[in-house]
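Here the structure is laid out as structure tokens; the discussion comes afterwards.
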Amino acid sequence: MADAKVFINPKSGSIRITGTVDMVDAEGNLIETMENPKFCGCGQSKEKPLCDGSHKGILKD
Ligand code: FES
């Protein structure tokens with residue numbers, strides 16, 4: 001059973017993973033282990049690959 005869950009916000013495009021995630025390079029070498037990371041899916045974050053909240057400036061209601 002998976003120990004992480006992924007939620008993609010359809011409005012902001014942000015990608016939240018609930019659980020422990022190993023970040024690896026192209027060869028599979030561990031870079032960092034993260035808890036509950038939130039990734040940018042809108043392309044506006046200045047801290048890619050993580051979401052920094054910049055999507056709030058482009059959302060339209
Ligand atoms: S999804 Fe939040 S800054 Fe891109």
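No hydrogens, no waters, no symmetry mates; every other heavy atom, side chains included, goes into these values. Atoms within each ligand, like the ligands themselves, are counted from 1 in listed order. The first residue in the sequence is number 1, and the count goes up from there.
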May I ask you to check whether Cys40 brings an N, O or S atom to under 2.8 Å from atom 4 (Fe) of ligand 1? yes

Does any N, O or S atom of Cys51, backbone or side chain, fall under 2.8 Å from atom 4 (Fe) of ligand 1? no

If only atom types and distance count, is the side chain of [X] paired as donor or acceptor with the main-chain N or O of [Y] below 3.5 Å?
X: Asp52; Y: Lys46; result: yes
X: Asn36; Y: Gly19; result: yes
X: Lys56; Y: Gly53; result: no

For the NE2 atom of His55 and the CD atom of Gln44, what is their distance to the nearest 0.5 Å? 11.0 Å

For the atom pair CZ (Phe39) and CG (Leu50), what is the distance rounded to the nearest 0.5 Å? 6.0 Å

With a cut-off of 4.0 Å, which atoms of ligand 1 are near a heavy atom of Asp52? 3 (S)

Close-contact set for ligand 1 against Ser14 heavy atoms, below 4.0 Å: 1 (S)

Report the nearest protein non-hydrogen atom to atom 2 (Fe) of ligand 1: residue, atom name, distance rounded to 0.1 Å. His55 ND1, 2.1 Å

